[in-house]
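Heads up, the thing below is written out as structure tokens.
Here the structure is a predicted model, which is why all the values come from computation and not from measurement.
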Amino acid sequence: MSVLRRAKTWEISESEEEADTETNNDDLNNDESSRGATTEDPTSNRGRKKGKRESGQTSALAPPRPHGSGTPSPARKRRSREEIEADRERARERKEEGERRRVARAQEKEERRREQQRRREAAENLKSLRPENCLRCLTVCVDPALLQQDGSDILLDTLAALEWRCSIESQQLPHSITWTRDLPQQGVEGMGSVEEEEQVVVVLGLTDFMDMVISVKTMLDSEGEETGVGSFLSPLLECLNRDAKKVVTLLVTDPQLDYRTNACGVQSQLGLENLDIEEVLVYLQLCKSISLVFLDGWQEVTNHVCAVTKALSKRPFKLLTERAELPFCVDGSWASGVRVERDGSGLIQVWSKQIQQLNRVSPAVASTVTEAYPSPQLLLQAYQGLGSEEERKGLLAGLIVKSGGKERRIGPEISARVYRCFTAQNPQLVLD
């Protein structure tokens, strides 16, 4: 009996609609049996329950519905080797692109850091070039021989009071004062260097200066032979021959005489004529670029040394401001100038400004001339086409100038001045 029931159930389960119908009927029968008759054959109940369990088992063994929730996913398509390689290539390209972006960001960051470092160094360098900061980098080097002269302590006391650095060391030139400058630190180790300035001051007494003048006069009489000159002139000439950039200043001091008003006042001491003294001074100043200053005592020598020190402290900043090419030229209109573009626009305004540079030539007169002759070449050609000098001078005299609602002629005076300005061969010629 159970075998027949199983076969029957299996046959019904092959059809989806029949299985659903049987399941619904079983549910209805169960409901009716639960609400319906109070007396029923136990055997039939057991058979019905057994059939229900067999029907549930049969449903579980049935094949899945095509549109049901339990539909399995289709089989995964197997990729080819070319597709795998293409995917690997795209992944590698993405990785390389990310690496390039990372390197570019790192380079940009490093460039910004370097730019900030350069700006910081430029600002520090500019700050160090200020006179008050450069003054701290200068050292006044005094030859020990000068300390043997009376009144030299005034110089040392003044430098100490100003808190300027001073060094007592032997110099190439005896009785000289030089200056050295500490350069900014360079390199990783921060090692600085010292630069010697070009200025050299030699302090001489009257006796030493007389000896130098006689030596120069003797050398000039021997047609420029520098051998056998005096003790002070010989090392001076050797220093200038070794370094032509040196700027030497001779300070002649004698507290008993006043030479500030008359540099040739030493002739009474030297026994030379005025012409001889002037010849010596011309040779020292023009041929050897040696300046000569007569001072009264060490106080004036100290003032001169302080003035040179302050000038040297201002020198780097001035060189920095003068380094730019034509710093007074800026873009746009400046000093009534006109900007000329690459296409030539603005040349007519330049031509008009050029005529206005003449005395008593108004913009209206210049505009009239430029309208008649739009370029200087056309005006010169018009002058060449005339036969006589008087015709050339009066070429522009008849042009009508319109200004303020009135009309007037340029006149022969302005016309002649314009003619002389553009045709004269003498650069010293007065146009008016």
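Between V305 and W179 there is a side-chain heavy-atom pair separated by less than 4.5 Å. By the 4.5 Å heavy-atom criterion applied to side chains, V365 and R408 are counted as neighbours.
When atom types are taken as modelled, the side chain of S415 and the backbone of K393 share a donor-acceptor pair closer than 3.5 angstrom. In this structure a side-chain-to-backbone donor-acceptor pair under 3.5 Å is missing from R130 to F317. At least one donor-acceptor pair under 3.5 Å links the side chain of T368 to the backbone N or O of A364. Judged by distance alone, the side chain of D243 and the main-chain N or O of C239 form no donor-acceptor pair under 3.5 Å. Without hydrogens or angle criteria, S367 side chain to P363 main chain gives no donor-acceptor distance under 3.5 Å.
Heavy atoms only, all atoms of each residue included: Q356 and A366 are closest at CG-CB, 3.6 Å.
Under 3.5 Å, the side chains of E121 and Q117 contain a donor-acceptor pair of N or O atoms. Between the side chains of S176 and Q171, no donor N or O sits under 3.5 Å from an acceptor N or O.
Atoms CG and SG, on L162 and C306 in that order, are 5.5 Å from each other to the nearest 0.5 Å. Distance check: K310 NZ to C134 SG gives 15.0 Å after rounding to the nearest 0.5 Å. The CG atom of D157 sits 8.0 Å away from atom CD1 of I154, with the distance rounded to the nearest 0.5 Å. Atom CD of E163 and atom CG of L135 lie 10.5 Å apart (nearest 0.5 Å). Taking CD of E413 as the reference point, atom CG of L396 lies at 13.5 Å (rounded to 0.5 Å). Distance check: K127 NZ to E124 CD gives 8.0 Å after rounding to the nearest 0.5 Å.
Under the 4.0 Å criterion applied to side-chain N and carboxylate O atoms, E108 and R105 are not assigned as salt-bridge partners. Between R81 and E85 there is no salt bridge, since no side-chain N of the basic residue sits under 4.0 Å from a carboxylate O of the acidic one. Note on R94 versus E97: no salt bridge recorded, every NZ/NE/NH1/NH2 to OD/OE distance being 4.0 Å or above. In summary, E93 and R90 do not engage in a salt bridge, as defined by a charged side-chain N under 4.0 Å from a carboxylate O. Between E99 and K95, none of the side-chain N atoms (NZ, or NE/NH1/NH2) sits under 4.0 Å from a carboxylate O, so this pair counts as no salt bridge.
Considering only residues two or more places apart in sequence or on other chains, Y419 meets the side-chain hydrogen bond (donor to acceptor under 3.5 Å, both in side chains) condition with E389.
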(request) With ring pair (Phe, Tyr, Trp, His ring centres under 6.0 Å) as the test, would you mind laying out the steps for F209 and F294 before giving the verdict? (result) CA-CA 10 Å; F209 177 69; F294 292 93; 5.6 Å; yes
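Checked against V369 for a side chain to side chain contact (heavy atoms under 4.5 Å, CB included), the options V401, V361, I414, I355 give a single hit: I355. Tested against L281, the residues L286, I290, V216, L292 include a single side chain to side chain contact (heavy atoms under 4.5 Å, CB included) partner, L292. A salt bridge (charged side-chain N to carboxylate O under 4.0 Å, His left out) with E196 holds for exactly one of K246, R181, K245; it is K246.
By the neighbour-count criterion of 12 heavy atoms within 6.0 Å, atom CZ of R88 is sparsely surrounded, having that number or fewer from other residues, nucleotides or ligands. Within 6.0 Å of CZ in R100 there are more than 12 heavy atoms belonging to other residues, nucleotides or ligands. Summarising the local packing, CZ of R101 is surrounded by 12 or fewer heavy atoms from other residues, nucleotides or ligands at distances under 6.0 Å.
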